[in-house]
4 protein chains.
Amino acid sequence: MQRQHRKVANATNASAEHEPRWRRRKDDRPREILNAALAVFLEKGFAATRLEDIAEKAKVTKGTLFIYFENKEELFRSLIRDAIAQSQKISEITHVEIQATAQDTIILFANNWWKYMANSDLGKIPKMIISEANNFPDLAKEYFDNCLLPGRQILVDAIRHGVKNGEFKDIDPEAAARIFLAPYMMSQIWRYSMGPIDSAPMDHLNYINTHLKMTMNGLLKQPS
Amino acid sequence: MQRQHRKVANATNASAEHEPRWRRRKDDRPREILNAALAVFLEKGFAATRLEDIAEKAKVTKGTLFIYFENKEELFRSLIRDAIAQSQKISEITHVEIQATAQDTIILFANNWWKYMANSDLGKIPKMIISEANNFPDLAKEYFDNCLLPGRQILVDAIRHGVKNGEFKDIDPEAAARIFLAPYMMSQIWRYSMGPIDSAPMDHLNYINTHLKMTMNGLLKQPS
Amino acid sequence: MQRQHRKVANATNASAEHEPRWRRRKDDRPREILNAALAVFLEKGFAATRLEDIAEKAKVTKGTLFIYFENKEELFRSLIRDAIAQSQKISEITHVEIQATAQDTIILFANNWWKYMANSDLGKIPKMIISEANNFPDLAKEYFDNCLLPGRQILVDAIRHGVKNGEFKDIDPEAAARIFLAPYMMSQIWRYSMGPIDSAPMDHLNYINTHLKMTMNGLLKQPS
Amino acid sequence: MQRQHRKVANATNASAEHEPRWRRRKDDRPREILNAALAVFLEKGFAATRLEDIAEKAKVTKGTLFIYFENKEELFRSLIRDAIAQSQKISEITHVEIQATAQDTIILFANNWWKYMANSDLGKIPKMIISEANNFPDLAKEYFDNCLLPGRQILVDAIRHGVKNGEFKDIDPEAAARIFLAPYMMSQIWRYSMGPIDSAPMDHLNYINTHLKMTMNGLLKQPS
DNA sequence: GATGAATGAGCTTTCATTCAT
DNA sequence: TATGAATGAAAGCTCATTCAT
């Protein structure tokens with residue numbers, strides 16, 4: 001005991017206005033760790049991620065991670081579950097009222113949904129889920145059921161409605177919904193994987209607008 | 001890879017004449033290992049894959065892998081490089097002659113390309129590249145430059161040509177090409193990740209046909 | 001230990017006059033911690049014991065342990081040393097006057113000694129010492145020299161005296177003393193280890209009386 | 001590959017008659033490891049034992065332990081289970097025929113049993129079981145049921161028989177059996193814990209003989 | 001060549017100990 | 001004083017890689 005106290009005293013005397021070696025950040029730590037974890041898991045994948053990298057990025061030591069998360073797997077799961085929970089909140093927001101036309105419904109939904117996907121950390125999840133789906137099938141399913149299916153269903157319904165009321169051509173709504181979503185998903189997946197590699201980076205806004213234009217009107221001037 | 005191939009060639013020469021044709025030949029080993037590796041790497045990703053799993057699938061033991069491949073990383077690289085090499089051969093085949101209409105050119109290309117993507121192991125590469133792009137950026141770039149860019153460029157050229165000659169509406173060919181490709185890519189990536197999870201499995205042919213119809217003619221009956 | 005006691009004494013002096021007597025006083029802490037430590041160390045052994053378990057049992061937090069004890073090892077040592085000190089006090093009590101017969105001396109000593117062994121925390125020490133003797137040989141020696149040897153010596157002396165004066169048969173007093181003690185020791189060691197497992201729990205009083213009867217008179221009706 | 005082969009060649013050339021870095025000892029390893037484990041677990045206890053110590057004693061590396069045992073706990077359990085299995089074989093040997101007198105039965109059994117306890121590794125188990133009983137209650141129970149109870153029961157039966165036929169005094173056979181066994185057990189427990197500390201080491205044979213004499217005939221010349 | 005026992009570097013996890021609060 | 005968040009030094013365990021067989 002004596003010895004330790006003296007040690008502290010010395011340290012204090014030697015450099016009185018020193019930054020403390022660490023601070024208590026009980027409330028903020030989990031978020032900081034999750035943010036760091038997201039960055040590293042996204043980049044390297046689950047297995048290739050070393051907890052030390054996450055710790056370093058979160059500016060804590062390895063041991064601290066285990067105060068807030070049971071183990072590496074639980075940290076990863078927390079990350080995904082957290083994203084799912086946030087997505088659901090957003091789902092409620094983006095749950096669009098049916099508009100005058102099916103086209104308007106689709107565009108409104110797509111724009112709302114895209115706003116979150118492209119501008120928040122939520123947009124990083126699809127790449128991670130794709131990469132880890134076989135290692136964490138339960139998480140993938142949870143994400144799929146809660147975050148992807150509902151949005152797809154809105155599209156299916158809108159397209160089916162548009163087909164029925166003569167606004168859209170006769171088309172399979174299920175397939176059309178998937179196709180409509182593919183460029184959005186692909187864009188996000190690409191961004192966090194091939195993004196740094198693709199020599200011709202994409203103008204996202206232009207990309208999305210072109211997508212809507214193409215999907216609605218087609219490429220052909222004189223449709224067959 | 002190079003080194004291994006030479007070694008394999010030697011082995012073949014040395015023993016080919018006194019072994020019956022139908023017998024499993026020693027120089028099939030690298031192929032068998034690569035096949036096994038593809039299956040496991042695809043499922044689990046590079047870091048989560050244990051060489052023992054690959055060995056088991058290839059019906060050899062761990063030690064044997066190191067006879068044919070320098071180490072785990074080289075095995076993975078061989079896999080991708082091998083796929084790139086095959087893709088290039090196919091590229092030559094799918095390098096379509098320009099057709100009467102831009103639409104025909106695009107459809108011809110797409111069908112050819114899709115034939116290989118959907119029906120051979122080549123279609124498994126995109127998911128792996130997406131997952132490992134940040135851990136193997138050089139491989140990702142190689143794949144991108146040799147397998148994706150050329151195909152995309154054919155589309156860009158065809159669309160640009162179609163826009164110029166009045167066949168297509170006025171649209172950004174770069175963006176349009178990416179959007180056109182997205183559902184194809186997404187379909188393959190999905191297949192090997194979320195495929196087993198997606199409750200409503202896809203009819204690929206229907207999906208592709210709907211895609212072509214939508215892209216060419218649009219959804220709207222009365223295009224704006 | 002010494003240091004802690006002084007510290008405690010100070011604390012008592014400083015605050016004794018303005019705190020009600022019945023209130024749990026600060027200087028009970030070391031005792032409470034030692035009690036908790038005894039329970040957990042006894043159950044799990046030194047290395048398998050987590051300080052957090054002791055803290056919880058003592059209704060303090062981990063950090064508090066380090067206020068009263070320098071480290072885990074010192075806490076353990078304090079525990080044993082404390083027991084040794086108590087044993088010595090008791091030794092003085094049980095240091096029996098020589099009785100009319102050697103038998104009476106032995107029985108008087110055994111009953112006195114047993115009273116403490118069977119009914120106080122002192123009886124928990126043998127199991128701990130046995131378990132940790134190789135990890136803390138100095139402690140084991142201290143316990144042996146101060147707590148076991150003196151008692152054994154009393155027995156050796158009494159037996160030797162009994163042999164000499166014809167009260168006892170001709171027997172090796174050293175061996176006989178050990179043998180006489182063994183069932184007592186074993187009984188305590190057993191109690192805190194196999195006790196909960198032994199399906200037929202022991203009636204201690206019966207056990208001890210049988211022991212005395214057997215040891216003094218033997219099993220045989222017609223001694224050879 | 002090339003590189004490694006050359007490396008080997010160099011090493012070989014440089015010191016051709018070198019001892020190999022390791023040998024394959026598939027069949028002997030488990031025994032060697034168990035022996036090493038017994039020594040270290042016995043000395044330090046389960047929790048304080050580092051696998052590295054066992055590995056070192058067994059002249060292998062840490063990793064090798066995991067080839068033969070699933071984890072530290074399983075290694076420990078294997079050790080005990082192995083001892084139990086051996087004990088049972090011996091039990092069959094020591095399962096004594098009933099002799100002319102109860103005294104003879106007891107002495108025959110005790111001598112047989114003691115032969116193994118005092119002269120083989122089996123005698124090390126009681127100290128370990130005592131120490132770890134609370135951490136491995138299932139193992140302790142298994143040991144108790146298979147190794148201790150049967151022997152004790154033989155004694156109980158013999159004593160009860162002796163009491164009934166007038167050979168022995170009227171005594172509680174259950175208690176007497178425990179008391180009879182205590183010095184044997186204590187002797188073994190002592191040997192592997194306090195043994196190195198006890199300044200006056202024991203002559204085991206003398207100890208046992210004194211025990212038998214005392215137990216059978218008692219200390220008193222003129223039994224009361 | 002092929003095998004798989006053995007190695008050893010590296011990672012996850014634990015927990016005694018420290019120290020900001 | 002007391003707390004408990006944070007640290008960091010092990011320890012257990014895994015697995016790519018080596019190498020005796």
Side-chain angles (χ1 to χ4, degrees), chain A residues 1 4-5 7-8 11-12 19-27 29 47-53 55 59-73 75, chain B residues 7 11 15 26 29 47-55 60-73 75, chain C residues 7 11 15 26 29 47-55 60-73 75, chain D residues 1 4-5 7-8 11-12 19-27 29 47-53 55 59-73 75:
Chain A
M1 267 300 288
Q4 277 78 11
H5 273 153
K7 213 190 284 174
V8 172
T12 312
E19 280 286 290
R21 291 211 290 167
W22 46 266
R23 294 179 181 288
R24 296 170 81 110
R25 306 181 50 75
K26 187 191 191 331
D27 295 340
R29 283 273 190 254
T49 291
R50 295 176 317 130
L51 288 181
E52 197 150 17
D53 294 339
K59 291 192 183 111
V60 294
T61 57
K62 270 186 296 178
T64 302
L65 303 182
F66 289 88
I67 298 173
Y68 296 97
F69 301 93
E70 206 174 326
N71 53 37
K72 188 184 179 184
E73 186 171 331
L75 173 51
Chain B
K7 216 190 279 180
S15 61
K26 288 221 179 66
R29 278 282 152 81
T49 290
R50 296 176 328 126
L51 288 183
E52 198 147 18
D53 293 339
I54 294 176
V60 295
T61 56
K62 263 191 304 176
T64 303
L65 303 183
F66 287 87
I67 296 171
Y68 295 99
F69 301 93
E70 202 173 331
N71 55 36
K72 189 184 180 183
E73 186 170 331
L75 173 51
Chain C
K7 216 190 277 177
S15 62
K26 289 221 180 64
R29 278 283 151 81
T49 291
R50 298 177 326 128
L51 288 183
E52 197 148 19
D53 293 339
I54 294 176
V60 295
T61 55
K62 262 190 304 178
T64 303
L65 303 183
F66 287 86
I67 296 171
Y68 295 99
F69 301 93
E70 202 172 331
N71 54 36
K72 188 185 180 184
E73 186 170 332
L75 172 52
Chain D
M1 267 304 286
Q4 278 77 11
H5 273 154
K7 215 190 282 174
V8 171
T12 312
E19 280 286 289
R21 292 210 290 166
W22 44 266
R23 294 179 180 286
R24 296 171 82 111
R25 307 182 50 77
K26 187 189 190 331
D27 295 339
R29 284 274 189 253
T49 291
R50 296 177 316 130
L51 289 181
E52 197 150 16
D53 294 338
K59 293 196 181 108
V60 294
T61 56
K62 267 188 298 177
T64 301
L65 303 183
F66 290 89
I67 297 173
Y68 295 97
F69 300 93
E70 206 174 327
N71 53 38
K72 188 185 179 183
E73 186 171 333
L75 172 52

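Sequence lines set the chain letters: A, B, ... in the order given, protein chains first and strands last, and positions in each chain run from 1.
dA6(E) atom P lies 12 Å from atom CZ of F69(D), rounded to whole Å. Separating the CG atom of L51(B) from the C1' atom of dA2(E) is a distance of 16 Å, rounded to the nearest angstrom. Atom P of nucleotide dT17(E) and atom CH2 of W22(A) are separated by 16 Å, given to the nearest angstrom. In this structure, L75(A) atom CG and dT12(E) atom P are separated by 11 Å, rounded to whole Å. Atom-to-atom, CD of E52(D) to C1' of dG10(E) comes out at 14 Å; the value is rounded to the nearest Å.
For the pair N71(B) and K72(D), nearest-nucleotide mapping onto DNA chain F gives the more 5' position to K72(D). Nearer the 5' end of DNA chain E, as judged by each residue's closest nucleotide, is the contact made by E73(A), out of R23(A) and E73(A).
For the contact set between residues 60-68 of chain A and DNA chain F, defined by any heavy atom under 4.0 Å, the members are V60(A), T61(A), G63(A), T64(A), I67(A), Y68(A).
In this structure R50(D) satisfies the side-chain contact (heavy atoms from CB on, under 4.5 Å) test together with E52(D), D53(D), sequence neighbours excluded. In this view, E73(B) and F46(B), N71(B), R77(B), F136(B) satisfy the side-chain contact (heavy atoms from CB on, under 4.5 Å) rule, not counting sequence neighbours.
Taking all atoms of both residues into account, the shortest heavy-atom contact from T49(B) to K72(B) is O-NZ, 2.8 Å. Between A47(A) and A47(B), the shortest heavy-atom distance links the atoms CB-CB, 3.7 Å. Minimum heavy-atom separation, R23(A) to R29(A): O-NH2, 3.1 Å. A55(C) and T61(C) make their closest contact through CB-C, 3.7 Å (heavy atoms, listed as atom of the first residue, atom of the second, distance).
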Stepwise side-chain contact (heavy atoms from CB on, under 4.5 Å) check, L75(B) with I54(B): CA-CA 10 Å; L75(B) 173 51; I54(B) 294 176; 4.1 Å; yes
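In this model, the phosphate group of dA2(F) is approached by a side-chain N or O of R29(C) to a distance below 4.0 Å at OP1 or OP2. Contact annotation: R50(B) does not reach the phosphate of dA16(F) (side-chain N/O to OP1 or OP2, under 4.0 Å).
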Given pairs defined as Watson-Crick or G-U wobble with both distances under 3.5 Å, what dot-bracket annotation applies to DNA chain F, with ( ) intrastrand, [ ] crossing, | other strand and . unpaired? .||||||||||||||||||||
